[in-house]
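Values below: every heavy atom of this structure, side chains too, minus hydrogens, waters and symmetry copies. Throughout, a chain's letter reflects where its sequence line sits, starting with A, and its residues are numbered from 1.
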2 protein chains.
Amino acid sequence: MAGRGRPRAFDRDEALRKALGVFWERGYQATSMSDLTAAMGINSPSIYAAYGSKEKLFKEAVTLYTATEGRYTRRALDEQSTAREAVTVMLQENAAAYADPATPAGCLTVLAAPIPVRENSSVAVHLARMRAEVRDLIRQRVDRGIKDGDVRPDADAPAIALFYSAVLNGLSIQSRDGVALPGLQQTVAGAMAAWDALAAPSASVAEPTGGTFGEPEG
Amino acid sequence: MAGRGRPRAFDRDEALRKALGVFWERGYQATSMSDLTAAMGINSPSIYAAYGSKEKLFKEAVTLYTATEGRYTRRALDEQSTAREAVTVMLQENAAAYADPATPAGCLTVLAAPIPVRENSSVAVHLARMRAEVRDLIRQRVDRGIKDGDVRPDADAPAIALFYSAVLNGLSIQSRDGVALPGLQQTVAGAMAAWDALAAPSASVAEPTGGTFGEPEG
DNA sequence: ATGTTTCTGTGCCGCCTGACACATAAATAA
DNA sequence: TTATTTATGTGTCAGGCGGCACAGAAACAT
């Protein structure tokens, strides 16, 4: 569907990627229109014509972010064969992404607008919803582990999801604080050290339910 | 030591508390001078005369914050008799503080300026230093536990501190996301479920010694 | 009383913000 | 060609920002 009028002189997706980079590095409020025009290589009227507003541009950037960076999270949770491995790989891959020097440290959805205030509440609420979705994905994966038998049947899936999503969010702060990949991996290892006590089906930790299932070994 | 000139017409400490409340609720950048003048009940020249600048006012507010809200953290780490109880109580009390409806949700040092950018880098770096101090306090407490014998001698104190400070920071995000106290307590319980694997002396892991320990339960 | 010091309120500064009007340029459609 | 549509760059808008000059007010010392 070639346009009728004068064709756009810039690549819309490419410019969106540039905008994402700025938002990721500086956050939403601290990113000014001139930051965006400088990074995207176009003037502000072109931004408004192509994306609508700073806020809509940001939300498009978030969508791009979840579709690219968030892919690893969803894939790890979907494809690993046990809940334990799923959560482990999910945390490890996010840690690796947060520490990747090719991109800003930490997660856009955690850092770009943590506090909803007048000027950005729509954006901040949007990001909070993204975080809630990740939390729910973890809960779903634990529930699936219960069905599959690799998680104790009476495990508290919402509580486990709450815990691991808190760790995930904490990793973003930690990464921005300059902690490099080995440190993030230690945090992940610490979080996974809780797994047996929280979710392992073996009776060796707390409950005297008797039967020994498979030992999760990773 | 009564002043020589015209006495100040407002209570400096009281106004600082009001400023802290605004910074805590809105963050540093999103708090404007007019937000401050409205909350503190004074005009901006009085703020500049009494505190120097918005940035210096914020740093004074942070100092007040760490002296008051941070007191519980230091006290828990100092006074509990084992490292495990120290970390447990520290997390629990912070969770309770984050969920306290009388104050803004979460921790000022985590939420007020998570990203250092041009306009606020001094402030953000200051907060990062506060976070690093808390992390180091945890590490020191684990080291003391090693000396006291309630933590395994070969435990990795820096890694343990990294993990628990990540959880602590994650609690702030979670609290701002609307998770209430029971949810935060579940996160804390999840984190403490890792303790034995990370730090318990080998004897108490192998043998179920029959609960002379305090059960971390909220 | 007079001078000195300090705080207060009014008013304003230059700067930057997000947003857009406008005329022009460049494509297609007739 | 001419008309229509769409994108572009220039320029600018009203408003808010942090910060402060200034003059007056209120305490002190002498």
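Contacts between residues 111-120 of chain A and DNA chain C, defined by a heavy-atom separation under 4.0 Å, are absent. Using a 4.0 Å cut-off on heavy atoms, none of the residues of residues 25-36 of chain B approach DNA chain C.
Distance alone, capped at 3.5 Å, places no donor-acceptor pair between the N43(B) side chain and the P45(B) backbone. In this structure, the side chain of S172(A) does not engage the main chain of V110(A) through any donor-acceptor pair within 3.5 Å. N120(A) places a side-chain N or O within 3.5 Å of a backbone atom of V117(A) that can act as its donor or acceptor partner. Without hydrogens or angle criteria, R152(B) side chain to A197(B) main chain gives a donor-acceptor distance under 3.5 Å. Using a distance-only test at 3.5 Å, with no hydrogens or angles considered, a donor-acceptor pair links the side chain of S175(A) to the main chain of Y98(A). Formation of a donor-acceptor pair under 3.5 Å by the K54(A) side chain with backbone atoms of Y28(A) is found in this model.
Whole-Å rounding puts the I47(B) CD1 to dC17(D) C1' distance at 14 Å. Atom NZ in K54(A) sits about 9 Å away from atom C1' in dT17(C), given to the nearest Å. To the nearest angstrom, C1' of dT17(C) lies 18 Å from CZ of F58(A).
Between Y48(B) and the phosphate of dG19(D), there is a side-chain N or O to OP1/OP2 separation shorter than 4.0 Å.
A 4.5 Å side-chain heavy-atom check between K59(A) and S122(A) finds at least one atom pair inside the cut-off. Using a 4.5 Å heavy-atom threshold, the side chains of F163(A) and M192(B) count as separate. Put simply, the side chain of R118(B) reaches to within 4.5 Å of the side chain of D35(A), judged on heavy atoms.
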Nucleotides 1-10 of chain C: protein proximity per nucleotide (B base, S sugar-phosphate only, - neither; heavy atom, under 4.0 Å) = ---SBBBSBB
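Judged by distance alone, the side chains of N94(B) and T73(B) do bring a donor and an acceptor atom under 3.5 Å apart.
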